[in-house]
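Report on one structure; see the data block that follows.
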Protein chains: 2
Amino acid sequence: MFIKGNFVETKEIGSLNTITGYMELDDAGRVLGFLDGLPHGYEGTVLDYSHCLILQGFADVHLHAPQYPMMGMGMNLPLLDWLEQYTFPLEARYADNAYARKIYGQLACDLVENGTTSVVMFASIHREATLILMEELERVGITGFVGKVNMDRNGGVNYQETTEESMVETDEFVHQAAVFENIQPIITPRFTPCCTDRLMARLGEIAADHNLHIQSHISENDREIQWVSQLHPDCQQYWQTYAKYGLWNDKTVMAHCVYSDEAERKAMKEAGVLVAHCPDSNVNISSGIAPICDMLEEGLQVALGSDIAGGDQLSILKAMDSAMKSSKARALYCPGGVLDPAQAYYMGTSAAQSFFGRGKGFALGEPLHAVVIADSVWPNTETLSLAQRLERAIHRTTKQEIVAVFSNGRDVLPLTK
Amino acid sequence: MFIKGNFVETKEIGSLNTITGYMELDDAGRVLGFLDGLPHGYEGTVLDYSHCLILQGFADVHLHAPQYPMMGMGMNLPLLDWLEQYTFPLEARYADNAYARKIYGQLACDLVENGTTSVVMFASIHREATLILMEELERVGITGFVGKVNMDRNGGVNYQETTEESMVETDEFVHQAAVFENIQPIITPRFTPCCTDRLMARLGEIAADHNLHIQSHISENDREIQWVSQLHPDCQQYWQTYAKYGLWNDKTVMAHCVYSDEAERKAMKEAGVLVAHCPDSNVNISSGIAPICDMLEEGLQVALGSDIAGGDQLSILKAMDSAMKSSKARALYCPGGVLDPAQAYYMGTSAAQSFFGRGKGFALGEPLHAVVIADSVWPNTETLSLAQRLERAIHRTTKQEIVAVFSNGRDVLPLTK
């Protein structure tokens, strides 16, 4: 099979590779390569997107699935109040499997319609609802990681586990989640203030025993950081509260890193921890703006998270847009550079590909992840370079212009309609 | 006629008035009032939007119509380079009336589909194309002001007038524009660096002779401000370069005001100048973030502009969202408050109503301007207050959820389909 169109890929940050021509795929939807012209006799096997822009599938490496219904609300509260007043009461509702099925089904479709084909996701503390989320994602063709949240202290009313429960349920979750083909379990301590040392130690063991990935939050907000230092007087820095329990390695993604200083960033780089930058959330709940350009200069891997519902937009194109805007807002007040469209595009796609165990760009021999955008609906397209069309698409695309979404080798958009 | 639904209006900044019930309209679409229930016998005359949120029509008080095709591009250049490399060459194309007709027709529809019913707009230097823009806006039912741009110095290649041409063409424009019912001409010096003193003086006379409104730019960018002070050594502040020619009064709207200090803000308040805050543009081209909360505390009137194509989004709901985000970004680094949804909603609606000669809110006796949003497509709507639904709608609405748009008393959305 061939796809005809205008492809933009990024294999290293800041650099674009543009191809107008044909992509060849095998029967399993794996990318075989690019051709300028179609071989004789293959005319009937072409998907013609000549007028479209074809981007890599988007990766959302930090979002809270159960918070989907509260997207865009309570945005004038700081983090800890917002958790208590909005987040925890809503997450507690996922004890109800029917509610979980309904909301997670809607979320899964919304993700595909926005071009997100790979995710690293928090669910709630509920094992069954978390498995339902995995089912719904697998059903629509999304790939990646989902974690049952662990929290055995400082939770909400009706929204906390005992240490024992949290450990047993996590073991069971990891066991049951083995049935999925494209969605894997990930170890998910909510964040240090919500997990006792005993629980953290056990989570580190489970991760090591099963060779699992790990996700959590770090250095998002000043009150949170003070709290962590009170809880762990033995640790000089926040990251050490994860590292001492085996939760800090090259299978770890940490959300936010707004206040990660040079020492913490060095610890990330040395361990191979992936940064999940969440620009909308960090501004919405007045956390701060992470020094992303500094991180990139230091050689850290930085990917993007919508972080709904701290973030108010599910689209990773919007997260790219917001990452650029946030970097510009920061640069008005602090020394440092600003992100350009090529960097933002890399952060929303290839930056996370090794976390998912895949190659960068449209990797040869791997199943296609791609988003087809009908950007010719906008004026003057014929006069633009593909780099300009990418920039415009980042700023302007809504679901309306997304006409096909390939995940793991097949077009999954029809599944959501 | 009656409209059934959930109405949110704002008559003063920060304050919301919510009504679930029936709005009564006369045959001309003028608002007669609100009723809890329907009078007996009127069942056949109800537009039923029971499940929708009904907001006031949106006002965009600063945007550049000819820049519509370049929305979302060139966003990594500072203001003066961006003007020279992108903006002026594009604006020069509107010497071609056919091109103007095509682009302005698309823009007019896009505005309505986003719920914008009132505008204050820059066209280009071309009189004929400016009249075409007014025709296209009138055709789809948009109200407000459009200006032929004046620039007799520091323009682009093939994009500048002589002083004489600019004066004569403006006279002619004002004369010809009298034919429109709902769109009025507005005097539009591009900004001080682009207009000689002789031209500015004549524009002040034309404005006074015909009792016209005035729009321009002020204090957007540091290099621009330095330039203005070199051009006008007699003026201590930027605003005085407008004031000395009669272009600074209660019919004036000034875009940006990013670096307007207390003295300039006092001059605005005393003269009754309306501020057009353009949060997206100001961040996109790294101009700065205006101290909006200070302005509001000082009692200035601040409305919103999409400022395409410095801004990358046409929707005034997005401008409300960006105004809140920008205020939060600023507050991370400077003393000052942050905007809440009620304030942002006022800025995008009622703040500009006296500029348009209308009352605030859903003003009684005036033709209806309203946007009907099908927000029940999002989860849990039944559990939310109307204030929460407003906040969510600001963050989440795209064209897809806008199901009716009343401008000047009639539903104009079908005209664009």
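To find a chain, count down the sequence lines: A is the first, B the second, and so on, and within it residues start at 1.
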Among [options], single out the residue with the greatest number of heavy-atom pairs under 4.5 Å to chain A.
{"options": "B:Ala331, B:Ser322, B:Pro341, B:Gly288", "result": "B:Gly288"}
{"options": "B:Ile285, B:Asn380, B:Asp280", "result": "B:Asn380"}
{"options": "B:Gln313, B:Lys399, B:Met73", "result": "B:Met73"}
{"options": "B:Glu391, B:Gln400, B:Gln388", "result": "B:Glu391"}
{"options": "B:Ser326, B:Ser287, B:Pro69", "result": "B:Pro69"}

Give, for atom [atom1] of [X] and atom [atom2] of [Y], the distance between the pair rounded to the nearest 0.5 Å.
{"X": "A:His256", "Y": "A:Glu220", "atom1": "NE2", "atom2": "CD", "answer": "3.5 Å"}
{"X": "B:Leu317", "Y": "B:Tyr345", "atom1": "CG", "atom2": "OH", "answer": "9.5 Å"}
{"X": "B:Leu77", "Y": "B:Asn284", "atom1": "CG", "atom2": "CG", "answer": "11.5 Å"}
{"X": "A:Tyr94", "Y": "A:Tyr104", "atom1": "OH", "atom2": "OH", "answer": "5.0 Å"}
{"X": "A:Arg389", "Y": "A:Leu384", "atom1": "CZ", "atom2": "CG", "answer": "7.5 Å"}
{"X": "B:Thr116", "Y": "B:Ile402", "atom1": "OG1", "atom2": "CD1", "answer": "8.0 Å"}

Quick one: what part of A:Leu90 sits under 4.5 Å from any heavy atom of chain B, side chain, backbone, both or neither? side chain
Using non-hydrogen atoms only, which part of A:Asn282 is less than 4.5 Å away from chain B: side chain, backbone, both, or neither? neither
Among [options], residue most engaged with chain B (heavy-atom pairs, under 4.5 Å):
{"options": "A:Thr381, A:Ile103, A:Val283, A:Leu314", "value": "A:Val283"}
{"options": "A:Lys328, A:Lys102, A:Met70", "value": "A:Lys328"}
{"options": "A:Ile289, A:Thr398, A:Leu339", "value": "A:Ile289"}

Please determine if A:Arg396 and A:Asp375 form a salt bridge, counting it only when a charged side-chain N lies under 4.0 Å from a carboxylate O. no
Going by an N to O cut-off under 4.0 Å, is there a salt bridge joining A:Lys325 and B:Asp312? yes
With a 4.5 angstrom heavy-atom cut-off, could you sort out which part of [X] is near chain A: side chain, backbone, both or neither?
{"X": "B:Asp340", "value": "both"}
{"X": "B:Arg330", "value": "both"}
{"X": "B:Met75", "value": "both"}

Parallel, tilted or perpendicular, as decided by the 30° and 60° cut-offs, for the rings of B:Tyr333 and A:Tyr333: parallel
